[in-house]
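As structure tokens, the structure follows; a few thoughts come after it.
It should be emphasised that the depicted structure is a prediction, and the values quoted were computed from it without experimental measurement. So you know, we letter chains A, B, ... as the sequences are listed, proteins then strands, and number each from 1.
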Amino acid sequence: MDMDKLVSLCKRRGIIFPSSEIYGGLNGFWDYGPLGVELKRNIKDAWWRDNITLRDDMVGIDCSIIMNPKVWEASGHVGGFSDPMVDCRETKERYRADQLHVFRYDLAAISEGRVQIFAVALTGGTVDDARGSLSDRMTNLSRKGHLPIKLKDLPEPEVVEFLSVPVADRDGIVGPSATKPGTLTEPRNFNLMFESHAGAIADEANKVYLRPETAQGIFVNFKNVVDTGRVKIPFGIGQIGKSFRNEINPRNFIFRSREFEQMEIEFFCRPDEAAEWYAYWRKTRFQWYIDHGIKSDKLRLRDHDPDELAFYSTATADIEYEFPFGVSELEGIAHRGDYDLGQHQKFSGKDLTYFDEEKKERYLPHVIEPSAGADRATLAFLCEAYQEDEVGGETRTVLKFHPRLAPIKAAVFPLVKRDGMPEMAEKLYRDLKKHFNVFQDEKGAIGRRYRRQDEAGTPFGITIDGQSITDGTVTFRDRDSCRQWRVPSANAVQALRDLLEGQAVPGGESEGQA
RNA sequence: GCGGGUGUAACUCAAUGGUAGAGUACCUGCCUUCCAAGCAGGCAACGUGGGUUCGAUUCCCAUCACCCGCUCCA
């Protein structure tokens, strides 16, 4: 599957447009068109219904996007995730300043009081980890003649973090891939969160942030829900909503954008049952994608390595999809312990513990967080659905959406535009439209109308022909198999409902439309 | 943010230092009884801003957007 073809189809069929396109677009922002908004809404509705409505242990919430800024101090987004970045002028590489380590030599005795320093980058390493890599790097620099002094003449170095080196001394540092000192820029802050001001006057005192995740709105409402929702642990709170992040580099269509929509669950449970619930959600959420049409082996469930985990998490798994641009994360299921409630308890000074009636015990619940990207899911469903088939020797482009997700559920066609067929089609269309999003098309050849709907992912076509006028039956046509069968017009609403709910297409295998 | 590439109609492409042509799509007719049919007509584009030039869609610069790689993705 070619990403360009999908982007082009999305544009052509009104699924996804570049944001504010007539002004040249805006990097990292996209708009959903008439078909796209239906698709995405169906995905969100399916998620909500399966995870909230149909369950006894889940409730929903819808929090404001802008919250008290202290929320983001507690969550760590203000302090922790504004990573300073360092660029190398020589090699054009970029590093996170907090991951750079430096060999610091005191050359005062042999080099006119100058302190000469060398640096090497590590990914997430500690000072001790850095030592070996730095030694290798020094040997390498020495061999290539980039050192001012022979390696054996150097004094014993001290391993320090880049950020701890005084600014005045930093021009003596050789970058991790550079050959000369002084090519690293000063660290520049990378602001993850969008900032704004609550109130007409913009100053520091009223600075606010657009939320970078929906999760914190759930945590800060935990007490409210417990106090008013008649909920008992174990239970979860779900939320669907927009979030905003200043990604360094938005890329890959709607996969990484700066404004995006999340579908998140925070599931609160007893500490000693958390591992079980983690296993449960890990499995349940993976199956959800399969049940909605991602049946290929492009869907993966990957457990994080221990060194990949956030410090507060004891287990995390990613649901990944093999997109044309690579394998990327659709949803993360994280065992977060009591970290978040603990943080908010600390920062707000409010007691967020839960009294367990059964155990007669008060504790801070542990949390399992299945956090899904609505736009990423939409893209995965699009990629999975996109196919180029052969029908009667002709290639057709078809989006094989699960009927539950398809933007249009059925299209109604008069076979030709005369003999009462358009009138009968119109009536059937009106009847169906009371129940489903259906579409009517009487223009052009019937084959073309079928193909148009194939491209929009419409699972069923209903055609009114000459026989319909005499005996009142209409022809149903299945998108995936192109198979056809007749149904009395009076039963069309129920027949379509059955099909959308997974009833097999007559005369063949169900084609996996369960 | 760096390097490379691309930017012409809704989509896919073409040509050109003298303001652009096609296919598909779309619209209007006619014709059409089941998988992108035919005929006739129609709508519709040089990303943006500068510069060079008598004249720029074409050459140059900048900018914006998209794609690939690096970085990043808490």
Gap in Å between the two C1' atoms, one belonging to B:rC66 and one to B:rA40, rounded
39 Å
Per A:L415 side chain, nearest of listed nucleotides B:rC27, B:rC34, B:rA37:
B:rC34
For the residue pair A:H335 and A:H366, does the interplanar ring angle fall in the parallel (under 30°), tilted (30 to 60°) or perpendicular (over 60°) class?
perpendicular
B:rG17 to B:rA56 separation - C1' atoms, rounded to the nearest Å:
7 Å
Just wondering, more than 12 heavy atoms not from A:K44 lying within 6.0 Å of its NZ?
yes
For A:D419 and B:rU32, what is the distance between atoms CG and P respectively, to the nearest whole Å?
10 Å
In whole angstrom, what separates A:I22's CD1 from B:rC64's P?
19 Å
Side-chain donor/acceptor of A:R448 to base of B:rA36, under 3.5 Å:
no
Which nucleotide wins on minimum distance to the side chain of A:N252, given the candidates B:rC34, B:rC68, B:rU33?
B:rC68
Considering heavy-atom distances to RNA chain B, does A:F253 or A:K417 have its closest nucleotide positioned more toward the 5' end?
A:K417
Is B:rA65 paired to anything, Watson-Crick or G-U wobble with both distances less than 3.5 Å, and if yes, which nucleotide?
B:rU6
Between the base of B:rC34 and the side chain of A:T475, is there a donor and acceptor pair under 3.5 angstrom?
yes
With a 4.5 Å limit on heavy-atom distance, are the side chains of A:N68 and A:V220 in contact?
no
Any strand is fair game: report the nucleotide pairing with B:rA20 by Watson-Crick or G-U wobble, both distances under 3.5 Å, or none.
none
Nearest-nucleotide comparison on RNA chain B, the residue closer to the 5′ end among A:P212 and A:R251
A:R251
Euclidean distance for C1', B:rU32 against B:rA37 (whole angstrom):
9 Å
Closest to the A:K11 side chain, choosing from B:rC34, B:rA10, B:rA37:
B:rA10
Rounding to a whole Å, what distance do you find between A:L26:CG and B:rU48:C1'?
15 Å
Which listed nucleotide (B:rU33, B:rC35, B:rC68) is nearest to the side chain of A:V416?
B:rU33
Atom P, compared across B:rG7 and B:rG42: separation rounded to whole Å
30 Å
Can you classify the ring geometry of A:F268 versus A:F222 as parallel (below 30°), tilted (30 to 60°) or perpendicular (above 60°)?
tilted
In whole Å, what is the span from the CG atom of A:D441 to the C1' atom of B:rC26?
12 Å
For nucleotides B:rG23 and B:rA45, find the distance between their C1' atoms and express it as a whole number of Å.
15 Å
In terms of side-chain heavy atoms of A:S8, which of B:rC34, B:rC11, B:rA36 is nearest?
B:rC11
Distance check, P atoms only: B:rU6 and B:rG47, in whole angstrom units.
14 Å
A:R12 CZ to B:rA25 C1', in whole Å, measures 8 Å
Pairing partner (Watson-Crick or G-U wobble, both distances under 3.5 angstrom) of B:rA25
none
Whether A:R258 side chain and A:N246 backbone form a donor-acceptor pair below 3.5 Å:
no
A:R451 has a side chain; which of B:rC66, B:rC26, B:rC35 sits nearest to it?
B:rC35
Under 3.5 Å, is there an N or O donor on one side and an acceptor on the other linking the side chain of A:Y450 and the base of B:rC34?
yes
Nearest-Å distance for atom pair NZ/P, residues A:K443 and B:rA25
14 Å
Are A:F323 and A:Y321, when compared by the centres of their aromatic rings, separated by less than 6.0 Å?
yes
Should the pair A:R251 and A:F325 be classed as cation-pi, given the thresholds of under 6.0 Å to the six-membered ring centre and 45° from the axis?
no
Figure out the CZ/C1' separation between A:F17 and B:rA10, and round it to whole Å.
9 Å
Nearest-Å distance, CZ (A:R449) to C1' (B:rC26)?
16 Å
Same-atom distance (C1') from B:rC60 to B:rA25, integer angstrom:
37 Å
Can you tell me how far P in B:rU16 sits from the matching atom in B:rC26, rounded to whole Å?
31 Å
